[in-house]
Peer 1: 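Below you'll find the structure I mean.
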Amino acid sequence: KLLIKILVQATVLMAVVFIFVSPISVRGSSMQSTLYDGDRVIASRFMGRLGMYESGDIVVFKDNVQGERRNIVKRVIAMENDEVHISGGRVYVNNKPVPEEYISGYTEGNLDIIVPKGCIFVMGDNRENSFYSRQYGAVRKRHVWGKVIAKVYPISEFRFY
């Protein structure tokens, strides 16, 4: 009886955990030097679905990549109604430079946009090897299903976000 009770409790615990969080394997190099291809992160479904994220957070949303539906991991740069300006390699939100100590590469091009209602503006940390809102537009909040809360693999780089 004890073994059955433990198995049932473990199963319920695992079900609850996977309802609220989800493990994600990072694919590609767009988030370097924060996250690398093959890194594993934990995303909070609860926080993503309820919009419990802000500029600077890393989120997960679904998108089509070369005909395949994939999880995309990007950093939130601006929220709805924010004004995004890119010029001279710098990103500005509401006329203030975004502190971006996490980026690698140069942010090319020029852009002036107001993030539409119900959307967020996202970018990869590896600016020279990332497609993001500048190319494919703002991401609808309803497509965001997770907020990255921890990097769990490699274990030596474990950290909370």
Side-chain angles (χ1 to χ4, degrees), residues 1-82 84 91 93 98-105 115-161:
K1 280 188 165 185
L2 180 60
L3 181 61
I4 291 173
K5 183 178 179 180
I6 291 171
L7 287 174
V8 168
Q9 289 175 340
T11 302
V12 169
L13 177 63
M14 291 302 290
V16 168
V17 165
F18 280 98
I19 289 170
F20 290 102
V21 297
S22 183
I24 301 293
S25 181
V26 176
R27 294 175 66 181
S29 61
S30 71
M31 285 300 292
Q32 288 178 3
S33 60
T34 305
L35 301 171
Y36 290 84
D37 188 46
D39 283 357
R40 306 289 193 294
V41 298
I42 299 295
S44 168
R45 292 176 177 271
F46 180 75
M47 295 173 86
R49 290 289 185 199
L50 292 181
M52 297 173 68
Y53 50 83
E54 57 190 28
S55 295
D57 288 338
I58 301 171
V59 296
V60 184
F61 56 96
K62 290 278 192 188
D63 202 2
N64 288 316
V65 178
Q66 299 172 340
E68 178 186 351
R69 193 107 171 114
R70 286 187 16 193
N71 289 317
I72 307 295
V73 179
K74 299 287 183 189
R75 188 176 301 274
V76 178
I77 300 299
M79 305 299 286
E80 65 184 6
N81 300 319
D82 283 344
V84 179
V91 177
V93 174
V98 176
E100 298 185 298
E101 63 281 348
Y102 47 77
I103 70 166
S104 64
V115 182
K117 186 170 178 64
C119 296
I120 58 173
F121 189 92
V122 299
M123 298 175 84
D125 290 356
N126 183 356
R127 298 294 164 78
E128 293 175 359
N129 193 21
S130 176
F131 287 102
Y132 46 85
S133 289
R134 188 173 64 180
Q135 286 89 4
Y136 57 74
V139 173
R140 295 202 174 279
K141 287 182 181 182
R142 70 173 188 247
H143 293 159
V144 176
W145 67 263
K147 174 186 172 185
V148 173
I149 57 173
K151 179 177 181 177
V152 296
Y153 182 85
I155 294 170
S156 61
E157 296 175 20
F158 178 88
R159 68 176 288 195
F160 286 105
Y161 293 102

Peer 1: With side-chain contact (heavy atoms from CB on, under 4.5 Å) as the criterion, how do Ile42 and Val148 come out once you've worked through the C-alpha distance, each side chain's angles and the decisive distance to 0.1 Å?
Peer 2: CA-CA 6 Å; Ile42 299 295; Val148 173; over 6 Å; no
Peer 1: Do Asp39 and Lys151 sit within salt-bridge range, that is, some charged N less than 4.0 Å from a carboxylate O?
Peer 2: yes
Peer 1: Decide if atom CD1 of Ile4 counts as having more than 12 heavy atoms of other residues, nucleotides or ligands within a radius under 6.0 Å.
Peer 2: no
Peer 1: Could you tell me if the side chain of Arg49 sits less than 4.5 Å from the side chain of Arg142, heavy atoms only?
Peer 2: no
Peer 1: How many angstroms lie between atom CE of Met47 and atom CZ of Arg45, to the nearest 0.5 angstrom?
Peer 2: 14.5 Å
Peer 1: Is any side-chain heavy atom of Val59 closer than 4.5 Å to a side-chain heavy atom of Ile120?
Peer 2: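 Yes - at least one pair of side-chain heavy atoms lies under 4.5 Å apart.
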Peer 1: Is there a side-chain contact between Val76 and Lys147, using heavy atoms and a 4.5 Å cut-off?
Peer 2: no
Peer 1: Report yes if the side chains of Lys62 and Asn71 come closer than 4.5 Å at any heavy-atom pair, otherwise no.
Peer 2: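 The answer is yes, as the side chains (C-beta and beyond) meet within the 4.5 Å cut-off.
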Peer 1: I need the Trp145 CH2 to Ile24 CD1 distance, nearest 0.5 Å.
Peer 2: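 Rounded to the nearest 0.5 Å, the CH2-CD1 separation comes to 3.5 Å.
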Peer 1: Could you tell me whether a side-chain N or O of Arg159 sits under 3.5 Å from a main-chain N or O of Glu157, the two making a donor and an acceptor?
Peer 2: no
Peer 1: Once you round to the nearest 0.5 Å, how far does CD of Gln32 lie from CG of Asp37?
Peer 2: 8.0 Å
Peer 1: Strictly by modelled atom types, are Lys117 and Asn81 linked by a side-chain donor-acceptor pair under 3.5 Å?
Peer 2: no
Peer 1: Kindly check if the number of other-residue, nucleotide or ligand heavy atoms within 6.0 Å of OH (Tyr153) is above 12?
Peer 2: no
Peer 1: Hydrogens and angles aside, do Ser130 and Lys74 bring a side-chain donor and acceptor to less than 3.5 Å of each other?
Peer 2: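 There is such a pair (donor and acceptor under 3.5 Å, judged by atom type) between the side chains of Ser130 and Lys74.
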Peer 1: Would you name the heavy atoms of Pro116 and Ala138 that are closest together and state the gap between them?
Peer 2: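 Shortest heavy-atom separation between Pro116 and Ala138 comes out as CD-CB, 3.9 Å.
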Peer 1: Specify the closest pair of heavy atoms between Tyr53 and Lys141, including all atoms of both residues, with the distance to one decimal.
Peer 2: OH-CG, 3.5 Å
Peer 1: More than 12 foreign heavy atoms under 6.0 Å from CG of Leu50: is that the case here?
Peer 2: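 For Leu50, atom CG is crowded (more than 12 foreign heavy atoms under 6.0 Å).
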Peer 1: To the nearest 0.5 Å, what is the distance between CG on Leu35 and CZ on Arg40?
Peer 2: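 Interatomic distance, Leu35 CG to Arg40 CZ, rounded to 0.5 Å: 12.5 Å.
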Peer 1: Ser133 side chain to Val122 main-chain N or O, any donor-acceptor pair under 3.5 Å?
Peer 2: yes
Peer 1: Pick one: which of Ser29, Ser104, Ser30 meets side chain to side chain donor-acceptor pair (under 3.5 Å) with Asn129?
Peer 2: Ser29
Peer 1: Any side-chain heavy-atom pair from Tyr161 and Ile149 closer than 4.5 angstrom?
Peer 2: no
Peer 1: Should Val91 and Arg127 be marked as a side-chain contact (heavy atoms from CB on, under 4.5 Å) after you check the CA-CA gap, both sets of side-chain angles, and the distance that decides it?
Peer 2: CA-CA 11 Å; Val91 177; Arg127 298 294 164 78; 3.7 Å; yes
Peer 1: Do the side chains of Met79 and Ser55 get nearer than 4.5 Å, heavy atoms only?
Peer 2: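 Result yes, sub-4.5 Å side-chain heavy-atom pair found.
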Peer 1: Would you call Arg75-Asp125 a salt bridge at under 4.0 Å N-O?
Peer 2: yes
Peer 1: Under 3.5 Å, is there a donor-acceptor pair between the side chain of Glu80 and the main chain of Gly118?
Peer 2: yes
Peer 1: Does atom CZ of Arg70 have more than 12 heavy-atom neighbours from other groups under 6.0 Å away?
Peer 2: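 Yes, because the 6.0 Å sphere around CZ of Arg70 holds more than 12 heavy atoms from other groups.
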Peer 1: Side chains of Val144 and Val139: closer than 4.5 Å at any heavy-atom pair?
Peer 2: yes
Peer 1: As an exercise, state the distance from CD1 of Ile58 to OG1 of Thr34, rounded to the nearest 0.5 Å.
Peer 2: 5.5 Å
Peer 1: Indicate yes or no: at least one non-hydrogen side-chain atom of Tyr102 is less than 4.5 angstrom from one of Met31.
Peer 2: no
Peer 1: What closest approach, in Å, do His143 and Phe61 show between heavy atoms, and which atom pair accounts for it?
Peer 2: O-CB, 3.2 Å
